[in-house]
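Order of the sequence lines sets the chain letters (A, B, ...), proteins ahead of strands, with each chain counted from 1.
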Protein chains: 2
Amino acid sequence: MPKIVDHEARRAEIAEALWRVVRRDGIGGASVRTVAAEAGWSPGAVRYYFPDQEGLLNFAMDLVSRRVRERIGAIEAIEATGTLTEIALRYLEEVIPLDSEREAEFETWLSFIAQALTETGAGGLRDHLGPVQDGLLELCQSLITALSDGNTLRAGLDLQLEAERLHALVDGLALHVAVQPGRTTPARVHQILIAHLETLQP
Amino acid sequence: MPKIVDHEARRAEIAEALWRVVRRDGIGGASVRTVAAEAGWSPGAVRYYFPDQEGLLNFAMDLVSRRVRERIGAIEAIEATGTLTEIALRYLEEVIPLDSEREAEFETWLSFIAQALTETGAGGLRDHLGPVQDGLLELCQSLITALSDGNTLRAGLDLQLEAERLHALVDGLALHVAVQPGRTTPARVHQILIAHLETLQP
DNA sequence: ACGACGATAACACAGGTGTGCTAAAAAGAG
DNA sequence: CTCTTTTTAGCACACCTGTGTTATCGTCGT
């Protein structure tokens, strides 16, 4: 029997190289050859795992999607000390790109979004947009629900609307951090999120 | 004397063709040839007005930037009837992509952002990011200030922080409209903005 | 040792790209 | 009409792209 490699792991490794290329040169710079060079293999080797580049791009975007949702799922196990608001804050900051790793992830994701929006109808990159969006929205929903159940929420609020408002705020902050990190600093994001959560309190 | 054409107008016309190509095929699809075909000229003609494609891209992005800021400036003349909150709402909805034209503009802008973020340091597309961002932030600032001066604002609010929070909310909503127009409808955006402005009232 | 087969590399081809250069066309002044 | 300058089209070159095909390498069970 010949050498056996874990295909899925190898594909993930190549996809991560794709991310780095996309972040460095934009999505247009992600050719089979450049990705192969970034990953440290020959173009032929890359094409063994991905017959065409469309499949490569799709896999890479899907992998981002899966990683993001995994991370959102993983933070269920976050430290549950302090007030409910403090806990909610900790959840949210897990999602906003405040360190360089998540910053890279968000910028890459932004490139994917821009590319996916050019495709009309479903069936390509566009299919990966919804799940990530949904994951973050569901997180916001469960946070709002938790605040509500803990009587940490003003009465008479529309919970669904508040979740969507929080969701938009979080994505907007993430975008601002990416575009103008000098102005929208992590500390500033912290302040704005605190202020927002406080306005939800009784 | 030879035929005289308005260079600036012709460049703008070509830049608008560039936008259409970017929106349809992504920024990678915007070559000198494709843009020329979209604009209805020969590649040579396009190259007469833009010596290289980097200049073309820069001009096109700068033109978006100028147009957006012009539009923000132009809505100073908006109808000033109703409560201050209603007026503020009308301003904000002038900025969020709720019709197909501004939707196209926003998607194109998103592609530019993604591409600009790949460039390290200043000097390229990245220079056009700040001004647009600033324009929208300043609009939010003046709206918050107007609400404050009109005693339509809760006491004790940090005006600068509220402007930034509103700014992030607006950009997040715009992003959500672009990514999931099915879920984030214009009517929903309207509701969320109203809810947000109401939380700022005394 | 050997052979079989998964994994990798290499090459070939047609097509698209940016851009430098050159020839043609158009249009008003004299 | 003719000349002059601006504007447009066209061609050529080297380079990069995706992908199909073919050959080589490495590793293991026998």
Problem set entry | Partner of A:Glu38 under salt bridge (charged side-chain N to carboxylate O under 4.0 Å, His left out), chosen from A:Arg23, A:Arg33, A:Arg20 | A:Arg20

Look at [X] and [N] and indicate whether a side-chain polar atom (N or O) is within less than 4.0 Å of OP1 or OP2.
| X | N | answer |
| --- | --- | --- |
| B:Ser42 | D:dG10 | no |
| A:Arg10 | C:dT8 | yes |
| A:Tyr48 | C:dT8 | no |
| A:Tyr49 | C:dT8 | yes |

Between [atom2] of [N] and [atom1] of [X], the distance in whole Å:
| X | N | atom1 | atom2 | answer |
| --- | --- | --- | --- | --- |
| B:Leu18 | C:dG18 | CG | P | 11 Å |
| B:Gln53 | C:dG20 | CD | P | 12 Å |
| B:Asp52 | C:dT19 | CG | P | 5 Å |
| B:Trp41 | D:dT7 | CH2 | C1' | 12 Å |
| A:Ile27 | D:dG18 | CD1 | C1' | 16 Å |

Exercise. Could a donor-acceptor pair under 3.5 angstrom be found where the side chain of B:Arg47 meets the base of D:dG10?
Worked result: no

Exercise. Any N or O donor-acceptor pair linking the side chain of B:Arg33 to the base of C:dG18 at under 3.5 Å?
Worked result: yes

For this session: Report the residue (A:Val46 or B:Val32) whose heavy-atom-nearest nucleotide on DNA chain C is the more 5′ of the two.
Result: A:Val46

Exercise. Taking the side chain of B:His7 as heavy atoms from C-beta outward, which of D:dT7, D:dT17, C:dT8 is closest to it?
Worked result: D:dT7

So, the side chain of [X] versus the backbone of [Y]: is there a donor-acceptor pair under 3.5 Å, distance only?
| X | Y | answer |
| --- | --- | --- |
| A:Arg11 | A:Tyr49 | yes |
| A:Thr199 | A:Leu197 | no |
| B:Ser142 | B:Leu139 | yes |

Exercise. What is the nucleic acid contact for A:Phe50, judged by heavy atoms within less than 4.0 Å: base, sugar-phosphate only, or nothing?
Worked result: nothing

